[in-house]
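See structure below.
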Amino acid sequence: MNPVQAVGRSTLGMARTAGAVALFAGRGVAAALTPPLFLGQLWRQLAQIGYFSLPVVGLTAVFTGAALALNIYTGGGRFNAEQIMPQIVALGITRELGPVLAALMLAGRVSAAIAAEIGAMRATEQIDALRTLSTDPFRYLVAPRLAAAVIVLPLLTVVADIIGIAGGWSVAVASLNFNGALYVKNTWDFLQSWDVVSGLIKSAVFGFIVALMGCYHGYNATGGARGVGRATTHAVVSAAILIFASDYLLTSVFSHK
Amino acid sequence: MTGPMGTGAGPKLELRGVKKRFGGKVVLDGVDIAVERGRSLVIIGGSGQGKSVTLKIAIGLMRPDAGKVLVDGRDVTRLGGAARRALATQFGMLFQGAALFDSLSVWENVAFRLVNADRVKRPEARARAVAALGRVGLGPEVADLYPGELSGGMQKRVGLARAVAAEPAILFFDEPTTGLDPINADMINDLIVEQVQRLGCTAVSITHDMVSARKIGDEIAMLHNGQIVWRGPTAEIDDSGNPYVDQFIHGRATGPITGGA
């Protein structure tokens, strides 16, 4: 194949995929916003995606906060600025690391699980069965997952923000001789509500991406067990890439405010 | 099987000039077939001849490239959304692998349409599910098990109970005996005949199992190379005079049908 052909083919393929994902997302959102709604399913997904992700998000946040504190302390020391460490940690966690790391953990945990579950349902004709039982799979399967992830990831991010800052605090107090009360006061005085809110807006978008990639790849899985495996991998990889790309885009939009 | 369902003349379900291709491969090349109210039609044919695609198009899981699907004389080919869901309340389908929802218990599977589409209260839905299970020879103790805990034969029965729970007007059966031992296969055949008679509904089945076809069909049609090559009453299948049918029902390797499809 000549190189021009190869470039053309892959460009067309990407355009086709982007269109298919956009259509899928549109159908999912429409299903989430119009009745009939499946609130029982939404409740189940809130627990699945949100509550059961707390440990992994919390652990990630505490270690990241602690490591960030050490790095900034060391780096700040090069120009005698160790004392602004609490402020930088707070900023880094709320604006960037809290939302992104919580989303990445969810991409691993939730996108994969959604893709595998819906993919297996596709392979065993359960999705067809839903339709023969007068139930729209977009309403029963896709909409509750999209809604749950959009609701729950900002909440998990709040938890990650708090635990991440607490991680920084514990390192500062335990081994860097910071005064605990002063650390909290410095952080609190410095943080603006937009630092937190912008992070939460990002995380709502990330939540949508995480659930959308899981649903899209699972729903379109073909070829039995191998297809389900492929769908799971694609879901995680594409969710992670889209999280990073949209993180940059949103950050650049927010920084002009 | 007699006992007309609904009113009005004409066939209950009809496919007209249905064509379907996947990539470059033509699977259905103008299928014309109609099923009268209250009759049971079995479509036979080799693997890869488009039986499953025909069934999926008839029930609306797949759209044809050309041609029409009519239910009670009404063109439903392009129906979507709420209208499609409303039409689907007339249908019941038993899938080849039963396609039970493995995250739900047996009774929740059987009562799925009642709970999720018809919004029947759970205690009433459960009672109706247990009654439906009883009709396929399963006791109430099965109701709270999960599909993964059942044998293949029991899963098929639960699938049948789910298909008939909301009293459909048309029942579809996708290879109902595939994967079952001869005794379980015969039980499923008996249950299918019994349920179709009880409901007085129209039935469309696809199978390559001739024992099953003879038992559950009033009529048999043979699909080959994307077209219906023969159709007639079950009693006449041995004297069809059609070389494709003869080769298929006797399971001969040589004849007009060549392998590879």
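The sequence lines fix the lettering, A, B, ..., with proteins before strands; numbering per chain opens at 1.
- Looking at heavy atoms from C-beta onward, Phe95(B) lies out of side-chain contact with Lys156(B) at the 4.5 angstrom threshold.
- At a threshold of 4.5 Å between non-hydrogen side-chain atoms, the residues Ser111(A) and Leu106(A) do not count as touching.
- Remark: Arg122(A) is positioned above the aromatic ring of Tyr219(A), its terminal NZ or CZ atom under 6.0 angstrom from the ring centre and at most 45 degrees off the axis.
- For a residue to count as touching a neighbouring chain, one of its non-hydrogen atoms must lie under 4.5 Å from one of that chain's; by this rule Phe101(B) touches chain A with backbone and side chain alike.
- Side-chain atoms of Phe138(A) and Leu141(A), non-hydrogen and from C-beta on, never get closer than 4.5 Å to each other.
- Contacts between Leu61(B) and chain A at a heavy-atom distance below 4.5 Å involve backbone atoms as well as side-chain atoms.
- Of the listed residues (Ala99(B), Ala82(B), Gly92(B)), the one with the most heavy-atom contacts under 4.5 Å to chain A is Ala99(B).
- Neither the backbone nor the side chain of Leu87(B) has a heavy atom closer than 4.5 Å to any heavy atom of chain A.
- When heavy atoms are compared at a cutoff of 4.5 Å, Thr132(A) approaches chain B by way of both its backbone and its side chain.
- With contacts defined as side-chain heavy-atom distances shorter than 4.5 Å, the pair Val56(A)/Arg109(A) qualifies.
- Using a 4.0 Å cut-off between charged side-chain N and carboxylate O, Asp65(B) and Arg21(B) make no salt bridge.
- Looking at Arg37(B) and Asp72(B), a side-chain N of the basic residue comes within less than 4.0 Å of a carboxylate O on the acidic one, giving a salt bridge.
- The residues Glu96(A) and Lys202(A) are annotated as salt-bridged, a charged nitrogen and a carboxylate oxygen being separated by less than 4.0 angstrom.
- Against chain A, the residues from residues 113-133 of chain B that qualify, each with a non-hydrogen atom under 4.5 angstrom away, are Arg113(B), Asn116(B), Ala117(B), Arg119(B) in number order.
- There is no contact between Ile127(A) and chain B, counting heavy-atom distances below 4.5 Å.
- Ser238(A) and His217(A) form a side-chain donor-acceptor contact under 3.5 Å, judged by distance and modelled atom types alone.
- For Arg27(A), no part lies under 4.5 angstrom from a heavy atom of chain B.
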